[in-house]
Amino acid sequence: MRIDFWPRCWSRQRRSNVTLVLAVVLMVLTLVLLGQLLSFLPEPIGSNAQAFSAGARITLWLTLVSGSLGLVLGTGTALARTSRWMALRWVAGFYIWVIRGTPLLVQILFVYFALPILVPGLNLPDFAAAVLALGLNVGAYNAEAVRAGLLAVPRGQTEAAKALGLGRLYVIADVVFPQAFRIALPPLVNNFVALLKDSSLAYAIGVVELTNVGYRIQSVTFQSVATLSTVAVTYLLLTTLLTQISNSVEYRFDVEGRNP
């Protein structure tokens, strides 16, 4: 399903809307019907079809929640990195340096096992710990994408807005940030799609997502080829649909600067 398939007489908004709606509908149908479709496959897939389906739903839910957290963290960190206050710039830079310089798996294990020791009483469930770790990780990468977008906005526009009497908050919200978001959209979308695959590392702390389901089944049945192939194809299907959704969003905002 590509945007190019729709009639050229349709407007950019109409083509992007139709593509977005169809991709979302296909994603929902995939999650609903995945178990039934896999049940027709031979063992060990057929008897564990519902487990694969539940794992796929957990994977997508983990991606959506942590991705939303990462977008908020990334935006706030990018604004802190471009702030006039040195303390904010230093804290934001330290956060990005630590997250980008350490493996994601170590971060997940740290949040789940070490954080409750450092902060007594903070015993996060496995899903919440995975969301926090994934959100912190993708937030650091989103911060650099948003910061690049902020710096790419011509300085003359900021000065012109200030000359019109707009306050700093209004300049950022109404002039700078909309343009920065459009510039930063492709890397933000790429980070979100990559997050779907990175969420597989949550199996290390017991989150029963798609990879964990596949690992458990193959450890019992010893049929690694069939089990892991099913996991890989399911990931491929989810990432393909998610990419279609993201492409329709990019097309709607005309990120490439093409004519309607």
Side-chain angles (χ1 to χ4, degrees), residues 51 54-151 172 177 180-181 184 187-216 219 231 235 238-239 242:
R57 290 194 294 269
I58 294 296
T59 293
L60 186 59
W61 182 240
L62 185 61
T63 303
L64 292 176
V65 177
S66 58
S68 300
L69 175 61
L71 182 60
V72 174
L73 287 175
T75 302
T77 304
L79 293 175
R81 283 273 284 166
T82 57
S83 172
R84 294 176 295 179
W85 292 293
M86 183 179 296
L88 283 178
R89 296 199 303 270
W90 187 88
V91 171
F94 180 78
Y95 159 64
I96 294 174
W97 172 64
V98 170
I99 295 298
R100 296 180 67 184
T102 55
L104 175 56
L105 180 58
V106 174
Q107 297 167 17
I108 293 175
L109 295 174
F110 184 90
V111 170
Y112 188 67
F113 292 108
L115 192 59
I117 299 175
L118 298 176
V119 184
L122 186 61
N123 296 314
L124 296 176
D126 51 7
F127 185 86
V131 166
L132 179 58
L134 290 170
L136 288 171
N137 182 271
V138 74
Y141 291 93
N142 287 344
E144 290 298 270
V146 175
R147 185 174 72 94
L150 292 172
L151 296 178
I172 295 176
F177 196 78
F181 175 77
L188 289 176
V189 167
N190 181 72
N191 291 342
F192 189 76
V193 174
L195 181 62
L196 177 66
K197 296 175 291 184
D198 292 340
S199 66
S200 62
L201 294 176
Y203 86 93
I205 58 175
V207 179
V208 189
E209 41 74 56
L210 186 57
T211 300
N212 197 336
V213 170
Y215 176 77
R216 292 183 178 187
S219 64
V231 172
Y235 270 114
L238 293 177
T239 54
L242 197 60

Note, [X] side chain near [Y] side chain (heavy atom, < 4.5 Å):
X    : Y    : answer
V207 : N212 : no
V146 : R81  : no
L134 : L104 : yes
I205 : L109 : yes

query = Going through the distances and angles, do L196 and T59 end up as a side-chain contact (heavy atoms from CB on, under 4.5 Å)?
reply = CA-CA 7 Å; L196 177 66; T59 293; 3.5 Å; yes
Using atom types as modelled and distance alone, determine if a side-chain donor or acceptor of [X] lies under 3.5 Å from a backbone N or O of [Y].
X    : Y    : result
T77  : G74  : no
S199 : L62  : no
Y95  : A140 : yes

request  = Check the pair L79, L150 against side-chain contact (heavy atoms from CB on, under 4.5 Å), reporting the backbone distance first and the verdict last.
outcome  = CA-CA 9 Å; L79 293 175; L150 292 172; 4.0 Å; yes
request  = Might you point out which heavy atoms bring Y112 and A129 nearest each other, and give the distance in Å?
outcome  =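 Nearest pair, atom of Y112 first, then A129: CD1-CB, 3.7 Å.
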inquiry  = Can you give me the closest heavy-atom contact between A145 and A184, atom names plus distance?
reply    =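 In this case the closest contact between A145 and A184 is O-CB, 3.3 Å.
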message = With side-chain contact (heavy atoms from CB on, under 4.5 Å) as the criterion, how do T211 and Y235 come out once you've worked through the C-alpha distance, each side chain's angles and the decisive distance to 0.1 Å?
response = CA-CA 9 Å; T211 300; Y235 270 114; 2.7 Å; yes
I need the [X] [atom1] to [Y] [atom2] distance, nearest 0.5 Å.
X    : Y    : atom1 : atom2 : result
L201 : I108 : CG    : CD1   : 5.0 Å
T102 : N137 : OG1   : CG    : 7.5 Å
L136 : L69  : CG    : CG    : 6.5 Å
S83  : W90  : OG    : CH2   : 15.0 Å
R57  : L238 : CZ    : CG    : 11.5 Å
L122 : L115 : CG    : CG    : 5.0 Å

message = Is it true that, when you exclude Y203 itself, more than 12 heavy atoms of the residues, nucleotides or ligands shown sit nearer than 6.0 Å to its OH?
response =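 At most 12 heavy atoms, drawn from other residues, nucleotides or ligands, come within 6.0 Å of this atom.
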request  = Take L118 and F110 through the test side-chain contact (heavy atoms from CB on, under 4.5 Å) and record every step on the way to the result.
outcome  = CA-CA 10 Å; L118 298 176; F110 184 90; 3.5 Å; yes
